[in-house]
Each structure stands twice: as structure tokens, then as C-alpha cells.
Amino acid sequence: MTAVAGQIRLKLGVVGKGGVGKTTVSGLLARAYAQRGRHVVAIDTDSNPNLGLSLGLSLAETEAVPVLPRSAVVGSGGSARATDLIAEYGRQTPAGPTLLSAIKVAVAGAGCTCSGHATVRSLLADALEEVDLTLVDMEAGLEHLSRSGGTLAYADLLLVVCEPTRKSVLTAARTAALAAELGIPEVLAVGNKARTGEDVAFFAEALSAERVDLAGVLPYDAAVAAADRGTAVGLTPVAPEVQRALDEVMDALDAAHARAGALSR
Ligand SMILES: Nc1ncnc2c1ncn2[C@@H]1O[C@H](COP(=O)(O)OP(=O)(O)O)[C@@H](O)[C@H]1O
Ligand SMILES: [Mg+2]
């Protein structure tokens, strides 16, 4: 598949505190972008990978996704090509995106995962000509912005997922500061699991106080939570209010990306 004409390629890192909904939001966004006709590659960097489940694979299929070779250096001077790695290790998902699994801790005491992160870093550095959106679902914390030059150093945009808690907003503020140091052009936040109007207002006020732009707010959706309990197999329908929020977030991300591109020209 070739890139959709007129659309700008986007390399997006989905980050945030543990349990805020990074994998859920990654899965929903990757699926929604694919529905807009984009060619999406979604990369799972969690050492306990489950993005495949959010993209409609079964548990067995998710566990069978081959892990990218560690320290595969892609691009200039490297031995591997992103296109070849995607062809060999990528798996098509029912939601549309191609899934790559970058890091998996299968045995205890196997050492750190730095070399897996290096693979992701070099994949992002390579120009993925035929891919419209490369989305990286990160593991929790801020280490991906410090480790060996930053797993996400070549991302165009970070989306920090927040829940209606002060701690998750503080993580967004810290992420924005580190991203600026790494030279990542744009950082936006998305509010998740909003149950009330107060939650929506909290995201707007708390993030604005930390000077982090808000791309949109996703409601708490019982169907999302139920799907994660493993009762539903495959893809579950997206509720209209969740789809509306996703459309708003995608528009905000595309606008921020276009703005960053215009500034760098
Ligand atoms: N919008 C939402 N509505 C309801 N439950 C959600 C929503 N987003 C995430 N969750 C639930 O929150 C929990 C953590 O989500 P997950 O995506 O695994 O977080 P993370 O990847 O940040 O650790 C899961 O049980 C998931 O079902
Ligand atoms: Mg996760």
C-alpha cells in the first residue's frame, strides 16, 4: 500500500503513567487512522506485550507475533531495512494496522531490554516511505526519553495519555520537558477515562496550567473495560462518543504535525 496523497507521514509515540490507557488508546487510534485510509504500523514496546489484543488478535495470535531482532540497526550504516523488517516481522491485524513486537521478556533474568529499544529508535530514524503512521505504544515511565539517546528521539510527536489524576498530568509535564530537550517537535496530551464533566474540566485546567496542549478527551467506556477483561474475542465496535473523541484527537494530532512541519521548513 502506498502513502495516501497529500498526507504527511507521522511518527507518533504514545506515552504516559502506568495504567492510564496507553495501549487502549494506541489500539483505538491505530484502528481509527487505518479506517481513514492510512497505512499504519503499530509497534508494541511493552515488555509484557498486549497491543495485539487491542487490535483484534487473539491471545495466542498476539503471543505468536515474532519479536524484532535486538539491535537491528536500520537505515544509513545499518544492515537492516525498515521495509524488510516490517515484511518479515509485521503481522496484519483485524483492525487494519500491521503490528510489530519490539520487546518481550520471556524468561526471568534475561537482562535489560535496551537493545530492543535501540531497534525501535533506528526504525523511527529510517524514512518509512510507504507508511503513513508509525505508532509506538510505549511502556510506562520516562526511561524511553533517557535511555541511550531516547527510544523516541526520532518521533515527530508524543501523545501523553492522562487519566483524571494530578499524578498523570505531572507525568505529562515532565514528558514535555524531556521531549523538548530531545528535540521532539510536538507534545500533546489526551484525557482518558473521563466519567463526568468535572473530569473533562480537570483535564483542560490542569494541562493548561502545565502548558501542555490537550488533543481531546476520551470517555470512560464500559465496553472498552469489558473487552479488556477478555470476554470479547476479536474487534469490538467503537461507541459513537468514543469515535467522536478519536476524530477530534486525530484532527488535533494532524494539525500539530502540520504546524511542526511548517515551522521546520
Ligand atoms: N477509555 C477507557 N474506558 C474504560 N476503560 C479503559 C479506558 N482506557 C483504558 N481503560 C482500562 O484501563 C486499564 C489500563 O489500560 P491500558 O491501556 O492497559 O493502560 P496502559 O497501557 O497505560 O498500562 C485497562 O483495564 C483498560 O481496559
Ligand atoms: Mg500498555
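Atoms within each ligand, like the ligands themselves, are counted from 1 in listed order. Start at 1 with the first residue, then count along the sequence.
- Salt bridge absent: D132 and R36 never bring a charged side-chain N and a carboxylate O closer than 4.0 Å.
- Side-chain contact check for L68 versus L100: some heavy-atom pair is nearer than 4.5 Å.
- Among protein heavy atoms, atom 5 (N) of ligand 1 sits closest to Y220 CE1, 3.6 Å.
- Residue T24: no N/O/S atom is found under 2.8 Å from the Mg ion (ligand 2).
- Below 3.5 Å of separation, one finds an N or O of G21 facing an N or O of ligand 1.
- The residues K22 and D44 are annotated as not salt-bridged, no charged nitrogen and carboxylate oxygen being separated by less than 4.0 angstrom.
- Rounding to the nearest 0.5 angstrom, the gap separating the OG1 atom in T24 from the NZ atom in K193 is 7.5 Å.
- Given atom 6 (C) of ligand 1, the protein heavy atom at minimum distance is V224 CG1, 3.8 Å.
- Within the 4.5 Å cutoff, the side chain of L253 has no heavy atoms near those of the H257 side chain.
- If you number the atoms of ligand 1 from 1 as listed, the ones under 4.0 Å from a heavy atom of P219 come out as 1 (N), 2 (C), 3 (N).
- Within the structure, ligand 1 has G19 among the residues with a heavy atom less than 4.0 angstrom away.
- By the 4.5 Å heavy-atom criterion applied to side chains, D199 and Y220 are not counted as neighbours.
- Nearest to atom 10 (N) of ligand 1 by heavy atom, out of E163, K193, M138, R195, is K193.
- Scanning the protein heavy atoms around atom 24 (C) of ligand 1, the nearest turns out to be D228 OD2, 3.1 Å.
- For atom 8 (N) of ligand 1, the closest non-hydrogen atom on the protein side is N192 ND2, 2.9 Å.
- Within the 4.5 Å cutoff, side-chain heavy atoms of P66 are placed close to those of R91.
- Under the 4.5 Å side-chain heavy-atom criterion for Ile, Leu, Val, Met, Phe, Trp and Tyr, Y33 and V131 are members of distinct hydrophobic clusters.
- Looking at atom 18 (O) of ligand 1, its nearest protein heavy atom turns out to be T23 CB, 4.2 Å.
- Every atom of ligand 1 with a heavy atom of K22 under 4.0 Å away is listed here by number and element: 17 (O), 19 (O), 20 (P), 21 (O), 22 (O), 23 (O).
- Residue D137 has no N or O atom closer than 3.5 Å to an N or O atom of ligand 1.
- Side-chain atoms of S168 come within 3.5 Å of backbone atoms of E163 as a donor-acceptor pair (strictly under, hydrogens ignored).
- Taking atom 4 (C) of ligand 1 as the reference point, the nearest protein heavy-atom neighbour is D221 O, 3.2 Å.
- Which of T24, V217, L218, V25 comes nearest to atom 9 (C) of ligand 1 through a heavy atom is settled by distance: it is T24.
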